[in-house]
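This report concerns only the one structure given below.
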Amino acid sequence: MSTFQAPKGTYDLLPPSSATYLAVREAISAPLRNSGYGYVETPGFENVELFARGVGESTDIVTKEMYAFETKGGDRLALRPEGTASVLRAALEANLHKAGNLPVKLWYSGSYYRYERPQKGRYRHFSQVGAEAIGAEDPALDAELIILADQAYRSLGLRDFRILLNSLGDKECRPAYREALQDFLRGLDLDEDTRRRVDINPLRVLDDKRADVQKQLAGAPLLRDHLCDACRAYHQEVRELLSAAGVAFEDDEKLVRGLDYYTRTTFEFVHDGLGSQSAVGGGGRYDGLSEMIGGPALPSVGWALGVDRTVLALEAEGVTLDLPATTSVFAVPIGEEARRRLFGVVTQLRKAGVATDFAYGGKGLKAAMKAANRSGARYALVLGERDLTEGVAQLKDMESGEQEPVALDAIVEKLGSRLA
Ligand code: HAM
């Protein structure tokens, strides 16, 4: 124990469970890499205005949860609370949209920061893998992203998740709906904070989790009944493409999401084993965001899946990933000369691509074999004094317990072919 601890709402990833996090990131990104998405990485912080304008001045993320600070040089920055605004900013800055190949399809993986009240599944530092398809209005693109997320979760062995789907309309139909909703909400018995929200962002009130508010919301006008023809047709096409792909979803008219940039398609992946923090991922279309941050009109769609919550979902379903052992060979020298000689062999094995570890610290045979066992290695390679004089090492199969002498200068070739 040191004097210091990880800050509140954060935790460390440590072996052996950290391997699961890496495998989850890999599994989520694999379908994207297989579908034309290129890797993008942006800074961990941005101009605070990017998020204020992009995510929305009235959202909890911007008003309550952002780690905003002023640098010594007087710049107002914020640790990124999400990835979409940054990725779009980067694409615009590099003129990727002008290279003539729309949509620009990008994926990312990294750390995000929100000053939230910590609880299981909700952290102040968390990690997402995300995807953004920038510059095309095509229902097949919305469907593609939902299908790829579904594929990612299924490849991990998850089963108890559901896909909630909604359309938030566009700049044609949403304003009229917003007004109808405001009229309805102003007739309810709501606290001052919520009444303020009715003025600024009435759709968010639909998302209020409190039972007394939800009770009053029965009978609220539904966006579904206010969608313009274009939005309705677009949404129907997304639904049909998903059904044709065999991806089950539930229509959820109350799905609003906590970020203001969404238009038309919105969706969330929820897992039923996670309690209140059940959203393992979410996303949607954001046709107006580019213009909101000073770019040209670039209709776009994307999602981000939470790595932390995906790991919790695996635990909830009792899924253990089949992770390959990281060490194939564990080398155990007995005596000083053997140590020097075997260390040379270890270096050669590693150069040949064989994952090899070594008993460091002058351990005795018993402790060293224990370490070999713990490493999960398939083989132990033991070099004693007598072996040295005979020019061999003992290769022990850790599964069968069988042991055989192997000439020192033939080890790399032998292990290389056995482990291939
Ligand atoms: P989001 O719904 O805010 O969307 O976050 C996506 C996922 O990140 C959530 O479903 C959850 O799994 C995870 N997450 C969010 N906050 C926390 C937290 N405090 N602790 C642990 N996990 C968390 C976005 O971030 C959008 N940028 C998604 C998107 C991409 N929309 C379009 N493109």
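Quick caveat, the model's predicted, so the values are computed rather than measured.
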When the aromatic ring centroids of [X] and [Y] are compared, is their separation below 6.0 Å?
X: Phe161; Y: Tyr153; result: yes
X: Tyr113; Y: His125; result: yes
X: Phe358; Y: Phe343; result: yes

Q. For Asp322, does the CG atom have more than 12 heavy-atom neighbours from other residues, nucleotides or ligands under 6.0 Å away?
A. no

Q: Can you establish whether the number of heavy atoms outside Asp229 located under 6.0 Å from its atom CG is more than 12?
A: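 For Asp229, atom CG is not crowded (no more than 12 foreign heavy atoms under 6.0 Å).
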
Could you check if a side-chain atom of [X] sits within less than 4.5 angstrom of a side-chain atom of [Y], using non-hydrogen atoms only?
X: Leu314; Y: Leu158; answer: yes
X: Glu49; Y: Arg76; answer: no
X: Ile411; Y: Leu408; answer: yes
X: Val382; Y: Met369; answer: yes
X: Thr42; Y: Arg89; answer: yes
X: Lys254; Y: Asp207; answer: no
X: Leu227; Y: Cys173; answer: yes
X: Arg197; Y: Asp193; answer: no

Q) Is a donor on one side and an acceptor on the other found under 3.5 Å between the side chain of Gln182 and the backbone of Val198? A) yes

